[in-house]
Amino acid sequence: MRVSDNNAAVSVADAVHASVSYDQLRAFNGALYWLETRPDAGGVATLTRWTGDEGTRDISPEGFDVTNDVHAYGGGSFAVAAGALWCVGTGGLYRSRCHGGELVLVGPMPLGDLTVGDGELLAVRETEHGDELVAVPLTGSPGLRTITSHHAFLSAPRPGPNLLAWSAWSERDMPWDSCELWVASYSSHGHIENPIKVAGGRGESAVEPRWGPDGTLYFVSDRGGWWNLYRWDGRDVEAVAPLPGECAAEPWELGYASYDFLDDGRIVVAVQEGPRHRLVVIDRAGSIRPVDLPYTSIKPYLAALGTTVALIGSSPTAAPQVALVHLADDSPRVEVLAKSEHAELSEASVSTPTELRVQAADGREVLALVYPPTGSAVDWRAPVIIRAHPGPTASSLLRLDWQAQFFTSRGFAVVDVDYLGSTGYGRAFRESLYGRWGLDDVADCTAVAIHLLEAGRAIPGRLFIRGASAGGYTALHAVAKDGPFAAATAVSAIVDPDRWAETVPRFQRAHAQRLRGGAGQVRAAAVRRPVLFIHGTADDVAVVDDVQALADQMTARGAPHQLLLLPDVGHYVATSVEAGTALQAELAHYRAVMAAPATGEGQNVASGN
């Protein structure tokens, strides 16, 4: 990807086509597998396989969505064992005897976190009464056996030497608040025995258990304030290599793998520090060596193959791509296996960010990534879109986002804000938004906006805020008071925390409860700027009824707004088949506001193409 003065606008088609999402990267028997969600191909998750001999090819049927909705967000949707592919899709659990062959429905089993055990497939099953760890035999009759159950939540069944490890947490917690790590004796076709708690509990999140090659149990815990790597030898727990960074991602989905084991005894770990990720290698003595990579963002899916590790990485000039990193010597070599940009787009100019640090009202520091208009001079001045990420607990990642480039190539600046509650700054920062939602997040976004105005970067009357999901709630509250924003875009937005706590899937109810107590419901009477609502009718995380009710109330008051309903689209609009429609509507919204009669300085500045 090059950066130049060529300011050709990124088309809607290109922005959507290049917004492929790569997820759930795993290694089985020397081959790599991952899911590709392609917005311009229906938005279904397609299973892709790579081998050194055959290269890359799709192995799930066209149009088949490899996904599950365990804990609402799914994860761990496939596994390969005994020469067969096992995956979850609409209808339940499927099996294929050969890669690329016909998928046969095994049974209507809504499973997630698929893992290969001793002669059986292990998984998490969610029921209305709680979670179960279950097993399905790899051969013979495809019956389902319950290994253990819990009245709340379970995840990460990981078999070791005659042992099984797993994670558990209560209905009062999210797994990043309090999560326990358990171990019990285990053999196939039997139940677990003598379970013991290894780590976790009140005030500690212990996640991502994995058995090392030597039979030692590894896991990630934030008992020291950061998610760091620990190990348990059957008696004691010890830190592997303490460092001030997050060695795990916030566990919204099942099946994360933020670390893995190389054949030579080293451990490879993805570490997040603020908006940046880096890859490190830990040797047997606990020494930490950073790996020089062209990536600044790494998804929590590492898959080791010998002395190489596969990862999903991206940077300010490269959208997420699947790559092999060869680590046999001191000069790592990167081999790209899959990327979304076509040849012409790879030559397109892009806007690269600078880090901006701003003091918020209470003296805390807020970090933002500022993407200037593509090809602009160093003293640029432009319409600005402040983006509140879809947290809390998410973060603004330093990676190429083609949908952001859609706007920067049209003369806008895009600014991503790591507001209070973001991941990448330690446990205390992550928890600080509890009870303050709609207040401190809004204050942080506003502080960044005011700084850009005072610095002469943003143009009064042409400063916008947008957010998706929880970020949509932030955007709505930002225009429900006097402030610098001329308009807002709320995508898949939450509008009433109390109502949301009743309608949100059971996995997220504890999150809704802990966030409540801040700004409360977004009320039509308080909204002071034009709003564009974009919402999928099939959204089961933030139901469309709440947004529809708010829009109706704004209509009754004559408040300026638009409501774009996307039929059959769920919570993730940006990777849906309607992603292009949403982009065009958002652009039109900002242009309409800028075309309105001038109310302040800079209203006559052109917005670009």
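Hydrogens, waters and symmetry mates play no part in the numbers below; they use all other heavy atoms, side chains included.
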Within a 6.0 Å radius of atom CG on Asn162, are there more than 12 heavy atoms belonging to other residues, nucleotides or ligands? no
Kindly determine whether Leu85 and Ile59 satisfy side-chain contact (heavy atoms from CB on, under 4.5 Å), including the steps that lead there. CA-CA 9 Å; Leu85 165 68; Ile59 62 170; 4.2 Å; yes
Stepwise, does the side-chain contact (heavy atoms from CB on, under 4.5 Å) test hold for Leu279 with Val268? CA-CA 7 Å; Leu279 193 71; Val268 61; 3.5 Å; yes
Tyr230 and Tyr218, any side-chain heavy atoms less than 4.5 Å apart: no
Is there a donor-acceptor pair under 3.5 Å between the side chain of Glu126 and the backbone N or O of His71? yes
Pro275 and side-chain contact (heavy atoms from CB on, under 4.5 Å): which single residue from Leu397, Asp418, Asp416 fits? Asp418
Please step through side chain to side chain donor-acceptor pair (under 3.5 Å) for the pair Tyr33 and Arg26, ending with a clear verdict. CA-CA 5 Å; Tyr33 300 78; Arg26 304 181 73 180; over 6 Å; no
In terms of side-chain geometry, is the basic nitrogen of Asp222 or Arg427 positioned less than 4.0 Å from the acidic oxygen of its partner? yes
Ignoring hydrogens and angles, state whether a donor on the side chain of Glu36 or Ser21 is under 3.5 Å from an acceptor on the partner side chain. no
Sorted by chain and number, sequence neighbours left out, side chain to side chain contact (heavy atoms under 4.5 Å, CB included) with Pro332 holds for Val291, Val325, Leu327
Tell me the closest heavy-atom pair linking Val124 and Ser155, and the distance in Å. CG2-CA, 3.8 Å
So, Thr393 side chain and Thr423 main chain: donor-acceptor pair closer than 3.5 Å or not? no
So if I apply the side-chain contact (heavy atoms from CB on, under 4.5 Å) rule between Arg38 and each of Val577, Thr575, Thr46, which one comes out positive? Thr46
Non-hydrogen atoms of Ser492 and Val573 that approach each other most closely: OG-CG2, 3.5 Å
Checking Trp500 against Glu502: is there a side-chain donor and acceptor pair closer than 3.5 Å? no
Tell me every residue that passes side chain to side chain contact (heavy atoms under 4.5 Å, CB included) with Thr296, counting only those two or more places apart in sequence or in another chain. Arg276, Ser315, Pro316, Leu398
Can any side-chain N or O of Ser340 pair as donor or acceptor with the backbone N or O of Ala18 at less than 3.5 Å? yes
Flag the pair Arg430 and Glu246 as a salt bridge only when some basic side-chain nitrogen lies within less than 4.0 angstrom of an acidic carboxylate oxygen. yes
Is there a donor-acceptor pair under 3.5 Å between the side chain of Glu253 and the backbone N or O of Gly75? no
Looking at Asp173 and Arg202, is there a salt bridge between them, counting it only when a charged N and a carboxylate O are closer than 4.0 Å? yes
Answer with yes or no whether the side chains of Thr307 and Asp264 bring together a donor and an acceptor at under 3.5 Å. no
Pair listing, side-chain hydrogen bond (donor to acceptor under 3.5 Å, both in side chains) test, anchored in residues 73-92, at least two apart: Asn68-Ser77, Tyr73-Gln508
Can you check whether Val569 reaches Asp539 side chain to side chain, under 4.5 Å on heavy atoms? no
With sequence neighbours excluded, give me every salt bridge (charged side-chain N to carboxylate O under 4.0 Å, His left out) pair touching residues 148-161. Asp113-Arg158
Kindly say whether Gly107 contributes a backbone atom to a donor-acceptor pair with the side chain of Tyr94 at under 3.5 angstrom? no
Under 3.5 Å, is there a donor-acceptor pair linking the side chains of Asp260 and Tyr301? no
If you apply the rule salt bridge (charged side-chain N to carboxylate O under 4.0 Å, His left out), what do you find for Glu238 with Arg231, and how did you get there? CA-CA 6 Å; Glu238 64 174 354; Arg231 62 181 161 224; 2.8 Å; yes
Stacked cation flag Arg57 on Trp50, 6.0 angstrom / 45 deg: no
Answer yes or no: does atom CG of Asp283 have more than 12 heavy-atom neighbours from other residues, nucleotides or ligands under 6.0 Å? yes
Relative to each other, are the rings of Tyr22 and Trp34 parallel, tilted or perpendicular (30° and 60° limits)? perpendicular
Do the side-chain N and O atoms of Ser149 and Glu132 include a donor-acceptor pair separated by under 3.5 angstrom? no
Under 6.0 Å between the ring centres of Trp176 and Trp252? yes
Short question: side chain of Ser422, backbone of Ser395 - any donor-acceptor pair under 3.5 Å? no
Given 3.5 Å as the limit, does a donor-acceptor pair link the side chain of Glu120 with the main chain of Leu122, or not? no
Backbone N/O of Glu193 and side chain of Ser185: donor-acceptor pair under 3.5 Å: yes
Does the side chain of Thr148 pick up a donor-acceptor pair with the side chain of Trp182 at under 3.5 Å? no
Under the rule for side chain to side chain contact (heavy atoms under 4.5 Å, CB included), what residues qualify as partners of Arg278, not counting sequence neighbours? Val271, Glu273, Val280, Pro290
Fit a plane to each ring of Phe429 and Tyr425, take the angle between them on a 0 to 90° scale, and name the class: parallel (under 30°), tilted (30 to 60°) or perpendicular (over 60°). tilted
Are more than 12 heavy atoms, taken from residues, nucleotides or ligands other than Asp292, located less than 6.0 Å from that residue's CG atom? no
Thr67 versus Asp65, side-chain donor and acceptor atoms under 3.5 Å: no
Show your reasoning for whether side-chain contact (heavy atoms from CB on, under 4.5 Å) applies to Tyr295 and His277. CA-CA 8 Å; Tyr295 303 120; His277 285 91; over 6 Å; no
Heavy atoms only: give me the nearest Cys247-Ser258 pair and the separation to one decimal. O-CB, 3.3 Å
Please assess Asp131 against Arg506 for the test salt bridge (charged side-chain N to carboxylate O under 4.0 Å, His left out), listing each intermediate value before the final yes or no. CA-CA 11 Å; Asp131 285 359; Arg506 64 183 280 269; 3.1 Å; yes
With sequence neighbours left out, the residues meeting side chain to side chain contact (heavy atoms under 4.5 Å, CB included) with Ala165 are Leu181, Val183, Pro209, Trp211, Leu217
With side-chain contact (heavy atoms from CB on, under 4.5 Å) as the test, would you mind laying out the steps for Asp441 and Leu420 before giving the verdict? CA-CA 6 Å; Asp441 48 330; Leu420 194 69; over 6 Å; no
Check whether Ser469 reaches the backbone of Gly471 with its side chain - one donor and one acceptor, N or O, closer than 3.5 Å. no
Flag side-chain contact, heavy atom, 4.5 Å: His151 against His129: no
Answer with yes or no whether the side chains of Ser314 and Gln321 bring together a donor and an acceptor at under 3.5 Å. no
Lys299/Asp23 ion pair, N-O < 4.0 Å: yes
Examine distances only and state if a side-chain atom of Asp329 and a backbone atom of Ser331 form a donor-acceptor pair shorter than 3.5 Å. yes
Any salt bridge between Arg97 and Glu102, counting N to O under 4.0 Å? no
